[in-house]
Each structure stands twice: as C-alpha cells, then as structure tokens.
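Okay, so here's the structure we're looking at.
Computed from a predicted structure; not experimentally measured.
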Amino acid sequence: MNDIIPAVVEADGVCGLTLDPTTLLHTGGLHERGVPHSHLPRLLEIEYGEEDVNHFPDLVRSGLLAAGLWQTTRHSPHLSTRYRDVYRPTGMGDEMRVLLRSRHTVWGALVLHRGADRAPFTDEETAALSSLAPVIAQGLRRAYLRHDAATAGAAATAEHLAAPGLLTFEPDGGIASVTPAGHLWLDQLGAAPARAGRLPQPVLHLSSRARTSGDACVHVRGAAGRRISLTATRMDAEGRVAVIIQAGRPEQTIGILMDAYDLTAREQDVAQLVVYGMSHTEIAGRLGISPHTVRDHLKKVFDKTGVNSRGRLLRLLYFSHYQPDVETGRAMGTRGRLG
C-alpha cells in the first residue's frame, strides 16, 4: 500500500482498513501517521454516534468511491465535527476517504490525510483514486479467500478457546474487566495485553458502535487463520458495554464468502440450497427455474470456486475458510476432529 498510494497522490498519512462487508465495521488494517491514539476515542464517538460528512455508509449510499472532506464541505471543513474535534487540534488538514468496492461488496477503505500546511486533495486526485479503488478491492477480495497457514501450536490453543471471552467497558471507553478466556481471544486478535490499555481496532470500533446504537457484531480472521465473532451490547443507560469474543460459525459469514468468490445473486441462491442438500429438481421448484438452469448456475459456481462436486462445495463454504488445516485433521474444538 505504501508503494501504491504515493504513485497516485501525495499524502502525509495513510490508513488502509479492512471492513466487514455486512456492517462496514473496521476489522483490521495498517496505519501510517494516522490519527494520534490520544484522539482516537473522540474519533470513534463521531464515527459511530454523531452526524458528520463522508461516513462510510453514506458513501456507499451515494455511489461514490472517493470523497474529500474539503470537497464535500465546499472548502468549509469547520462544518465537520471530525475536523473540528480531531483533525485541526492534531495539525491535520484534508481527509480523503476511498471505498474499496468490488461490484456490490465493500471489502475495505483507504483514509488519506494531509497536514494543515498542505493543499487539499484535488478533483483530479479524487478521480485517480476512484479508478484505483476497484483494483485494490479485487486484491482484498482474493485475500479473503487466501487460507492462512496455522501457526505452530494452533491446535492446542484452539482447545483452550472453547469458552467465549468477555470484556466489559466503562462509559468512557476504559476497560472494566477481562475474563481469562477474553485474554486468550485478544491474543488471537493480535492484541497487546489488555492491561496495557491498547486493544485491537475491531474491539474499539465495535464497542463504540454498541455504545451509541445498543448492539453490534463483526466477524474477523484471527492470527491463526480462524474466524472470530465479536458481539457487543450496551449494558445500561450510562453507556457500559460488554463484548463477547468467540469462535465464528460458518453460517455467520457464508454470504461474505460467496461474495468473495464473485458469485452472482442467483448463483449464491443455488449454492446455498445445494449445501442444504436439495436436489436439482427441488432447487428448481424453490427458485422457480428449470433444472437445466440450475445445472448451468451450479456449473458456474463450480468454475468460480474451483470445486467439482456438491460435497467439495459444502466443505469449501462451511469448513475450509473457518478452521485451519481442516483436511489434515487439525482439531476444530474440544469434541473431536474433522478429517
């Protein structure tokens, strides 16, 4: 990313974010000279609880791939709460947000910053980033399918992660408590010890969303390649939040996975019914199409996913991308192996 962006536009700070396509919540990424940690809590409050310009859901609804703060406010950045409370106090100027969208699915985003002494982003630079965005999005889509090799000892760690972990937060966002299982799950998310007060970005974003909206959920890939589910709930009117971290279930993210394979809506319908065990005739009756059309759709599904049978499609969609080394019999939990 650091090699690509400077070749297109100049920026003093670059943040490359991966987003949950379902919720648009932050699930990870890289940050180079972004918002100082001291101002991150206020940024999250604005991002998830207050009206402001160029929020990611607003960009999705607008159909734009890129938008600058100066451009959207017509060179009146003081109209943005984010600028007044976070960027201006920290010496930052214009911000450019870029959606990394492939067809109808958003896989991530770029947030570019310039210092207060620099000129804002131009229309030409916005157009250049809009052209680049789909290319990067395709890379993220393919990366989603890449099965990370499990690290040494991952099987043993998985046995200890059978129990969900619980984190609770004070109304001001400070950590109130973390269960022993919670510490283990934070390790899987690549976190520093919770007592250090530096939590993974997905946990911070999720708790901020829940504090303002009541509930929030996001799915991420952990350090050992396994899918992890994070669910946050506001506990009371004061704004205390509980976050539960546990192993992700295939049905929670199968839609995202099928998007990653670039299946059309009808191909997804057919694939879903196939893994339910329905025959060609049953699928045809359910969808109101002919069995011949079902076979055509299924052939395209096989071509795109690289499998050649119903059984392999089931294993691909429900197992291969959720637990490391399934085919070699690596432990999936406390009650046995899948081989």
Q | Sub-4.5 Å side-chain heavy-atom contact between I245 and P164 | A | no
Q.
I'd like to check M278 versus V274 (side-chain heavy atoms, cut-off strictly below 4.5 Å). Are they in contact?
A. no
Q) Is a side-chain donor or acceptor of R101 paired with a backbone partner of G63 at a separation under 3.5 angstrom? A) yes
Q. Are the side chains of V243 and L206 in touch, meaning some heavy atoms are under 4.5 Å apart?
A. yes
Q) Could you go step by step and tell me if L64 and L99 meet the side chain to side chain contact (heavy atoms under 4.5 Å, CB included) rule? A) CA-CA 8 Å; L64 297 174; L99 287 179; over 6 Å; no
Q: Give every residue pair that meets the salt bridge (Lys or Arg N to Asp or Glu O under 4.0 Å) criterion with at least one member in residues 286-302, sequence neighbours excluded.
A: K299-D303
Q | side-chain hydrogen bond (donor to acceptor under 3.5 Å, both in side chains) partners of residues 61-70, not counting sequence neighbours, each pair once | A | D58-R61
Q. Do H31 side-chain atoms and G13 backbone N/O form a donor-acceptor pair below 3.5 Å?
A. no
Q. Going by heavy atoms in the side chains, are L112 and L129 under 4.5 Å from each other?
A. yes
**Q.** Nearest heavy atoms of L263 and A271, plus distance in Å
**A.** CD1-CB, 4.4 Å
Q) Are the side chains of L100 and V106 in touch, meaning some heavy atoms are under 4.5 Å apart? A) no
Q: Would you name the heavy atoms of A133 and V98 that are closest together and state the gap between them?
A: CB-CG1, 3.7 Å
Q.
Would you say S229 and Q246 are linked by a side-chain donor-acceptor pair, where the criterion is simply a distance under 3.5 Å?
A. no
Q) CD/E47 to CG/L40 distance, rounded to the nearest 0.5 angstrom? A) 10.5 Å
Q: Using ring pair (Phe, Tyr, Trp, His ring centres under 6.0 Å) as the criterion, list what pairs up with Y48, not counting sequence neighbours.
A: H205
Q.
Any non-hydrogen side-chain atom of V270 less than 4.5 Å from a side-chain atom of E267?
A. no
Q: Heavy atoms only: give me the nearest M96-G68 pair and the separation to one decimal.
A: SD-N, 3.6 Å
Q: If a pair satisfies side-chain hydrogen bond (donor to acceptor under 3.5 Å, both in side chains) and one of its residues is in residues 165-181, list it, with sequence neighbours excluded.
A: T168-S177
Q: State the CG-CD1 distance between L298 and I283, to the nearest 0.5 angstrom.
A: 7.0 Å
Q) Is it true that Y87 and H113 have ring centroids separated by less than 6.0 Å? A) yes
(Q) On a heavy-atom basis, which atom in V111 and which in F56 lie closest, and how many Å separate them? (A) CG2-CZ, 3.9 Å
(Q) Pairing donors with acceptors under 3.5 angstrom, does anything connect the side chains of T126 and Q71? (A) yes
Q: May I ask you to check whether S76 and T73 show a side-chain donor-acceptor distance below 3.5 Å?
A: no
Q.
Closer than 3.5 angstrom, by distance alone: can the side chain of R42 be matched with the main-chain N or O of V86 as a donor-acceptor pair?
A. no
Q) Can you pull the salt bridge (Lys or Arg N to Asp or Glu O under 4.0 Å) pairs that have at least one residue in residues 69-84, sequence neighbours excluded? A) D52-R82, R82-E95
Q) Considering all heavy atoms of both residues, which atom of A284 and which atom of P291 are nearest to each other, and what is their separation? A) CB-N, 3.7 Å
(Q) Measuring from atom OG1 of T90 to atom CE of M92, what distance do you get when rounded to the nearest 0.5 angstrom? (A) 5.0 Å
(Q) Quick one: does any side-chain atom of S131 pair with a main-chain N or O of A127 as donor and acceptor, under 3.5 Å? (A) yes
Q) Between CG of L69 and CG of N54, what distance do you get to the nearest 0.5 Å? A) 6.5 Å
Q. Between D12 and R118, is there a salt bridge with N-O shorter than 4.0 Å?
A. yes
Which donor-acceptor pairs under 3.5 Å do side chains of residues 233-240 form with protein atoms, sequence neighbours excluded?
from: T233; atom 1: OG1; to: D215; atom 2: OD1; distance (Å): 3.2
from: R234; atom 1: NH1; to: R211; atom 2: O; distance (Å): 3.1
from: D236; atom 1: OD1; to: E238; atom 2: N; distance (Å): 3.1
from: D236; atom 1: OD1; to: G239; atom 2: N; distance (Å): 3.0
from: D236; atom 1: OD1; to: R240; atom 2: N; distance (Å): 3.1
from: D236; atom 1: OD2; to: R240; atom 2: NH1; distance (Å): 3.1

Q. S102 and T105: side chain to side chain donor-acceptor pair (under 3.5 Å), yes or no, with the steps?
A. CA-CA 5 Å; S102 175; T105 303; over 6 Å; no
(Q) For a 4.5 angstrom cut-off between non-hydrogen side-chain atoms, does L59 reach R97? (A) yes
Q: Verify, without hydrogens or angle tests, whether Q138 (side chain) and V135 (backbone) share a donor-acceptor contact under 3.5 angstrom.
A: no
Q: Spell out, as yes or no, whether a donor-acceptor pair under 3.5 Å connects the side chain of D94 to the backbone of F121.
A: yes
